[in-house]
Amino acid sequence: MANQANPVGSPDHSAGMREIYRRMLRGAGGRGRFVTLSTGKRVHVVEAGDGVPVVHLHGTNTSALSHLMLLEYLTGVRTYLVDRPGMGMSDSGEFRRGDFRVFATRFVDDVLNALELDSAVIAGASGGGVFSLWYTLEHPHRVRGLALLGSTPTLTGGRVPVPLRLMAMPVLGDVMTRSVKPGRRMLLRMMSSMGEAGTISRHPDLLDSLVAGARDPVAVAANRAELRALISPSGFRPAVRIRPGDLRRLS
């Protein structure tokens, strides 16, 4: 599968998103490139370091840039920060409700193949953690280790906050998305409400990347479609839930 060496150049995403990638990658010492999956879709990956491969899958409403500040601490490993479908600089994907789990598992498998990795440590945050655990359950032989950061909410007993359920609703969610005007102040308040005021204040570029993502039509559509594939008005959809029997397969 061909690698495309044009870093941070996807015309599908907004100029603001492309600019924040150029700025942050320049300062972090990572290299961005595109890999092409078997579907023909392009996935943007940030690479750095040498050693055991570690593939990072970021959370919902974020991008690979949310893990960029970790690069200076990740020694002795080869880090791959992957933009999930439609987010960051990657091409959009199909988030169908009935087979979302299958789609997510195939996406991770395709990424490992495109990166020519027989196996890797998988590190997933939030929604990326859902992808990571689903993949580990289906392909444990390709996962050297699994790190879940703030995940995984689809375990049996996990509940969906009311605001997310509302955003996942077809009509109301669209109205909510259009009515919100994302900016630094709004996102700073949101991060502060989750106890992350100190962290985000130390990384102003990260805050800018969240603003750029919230204003990027491709990323906004991808995040909304992913929420709807995961969540119904009553909670997580049955097909995406991870049940105790699933986890026993790893023991």
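Shown are Phe131, Phe103, Phe107; of these, the ring-ring contact (aromatic ring centres under 6.0 Å, His included) with Phe95 is made only by Phe103. For the pairing with Arg101, the side chain to side chain contact (heavy atoms under 4.5 Å, CB included) check across Thr154, Val130, Leu137 returns one residue only, Leu137.
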Before giving the answer on side chain to side chain contact (heavy atoms under 4.5 Å, CB included), spell out for Arg243 and Asp246 the whole-Å C-alpha distance, their side-chain angles and the decisive distance to 0.1 Å. CA-CA 5 Å; Arg243 306 188 184 280; Asp246 295 333; 4.1 Å; yes
Side chain to side chain contact (heavy atoms under 4.5 Å, CB included) evaluation trace for Ile231 with Phe236: CA-CA 4 Å; Ile231 300 168; Phe236 289 113; 4.2 Å; yes
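Within 6.0 Å of atom CZ in Arg106, 12 or fewer heavy atoms from other residues, nucleotides or ligands are found, so the atom counts as exposed in its surroundings.
For the pair Asp83 (side chain) and Ser63 (backbone), a donor-acceptor distance under 3.5 Å is absent.
Using a 4.5 Å cut-off on side-chain heavy atoms (C-beta onward), Met24 and Ser209 make contact. Contact check for Arg142 versus Asn113: side-chain heavy atoms found under the 4.5 Å cut-off.
The ring of Tyr21 has its center no closer than 6.0 angstrom to the ring center of His13.
Taking hydrophobic clusters as Ile, Leu, Val, Met, Phe, Trp and Tyr residues chained together by side-chain heavy-atom distances below 4.5 Å, Phe100 shares a cluster with Val43.
Smallest separation of non-hydrogen atoms from Ala229 and Val240: O-CG1, 3.9 Å. Contact detail for Pro85 and Ala222: the closest heavy-atom pair is O-CB, 3.6 Å.
Residues satisfying the side chain to side chain contact (heavy atoms under 4.5 Å, CB included) criterion with Arg96, sequence neighbours excluded, are Glu94, Asp99. Every residue two or more places apart in sequence or in another chain that forms a side chain to side chain donor-acceptor pair (under 3.5 Å) with Thr62 is listed here: His58. In terms of the salt bridge (Lys or Arg N to Asp or Glu O under 4.0 Å) criterion, residue partners of Arg23 (sequence neighbours excluded) are, by chain and number, Asp205, Asp208.
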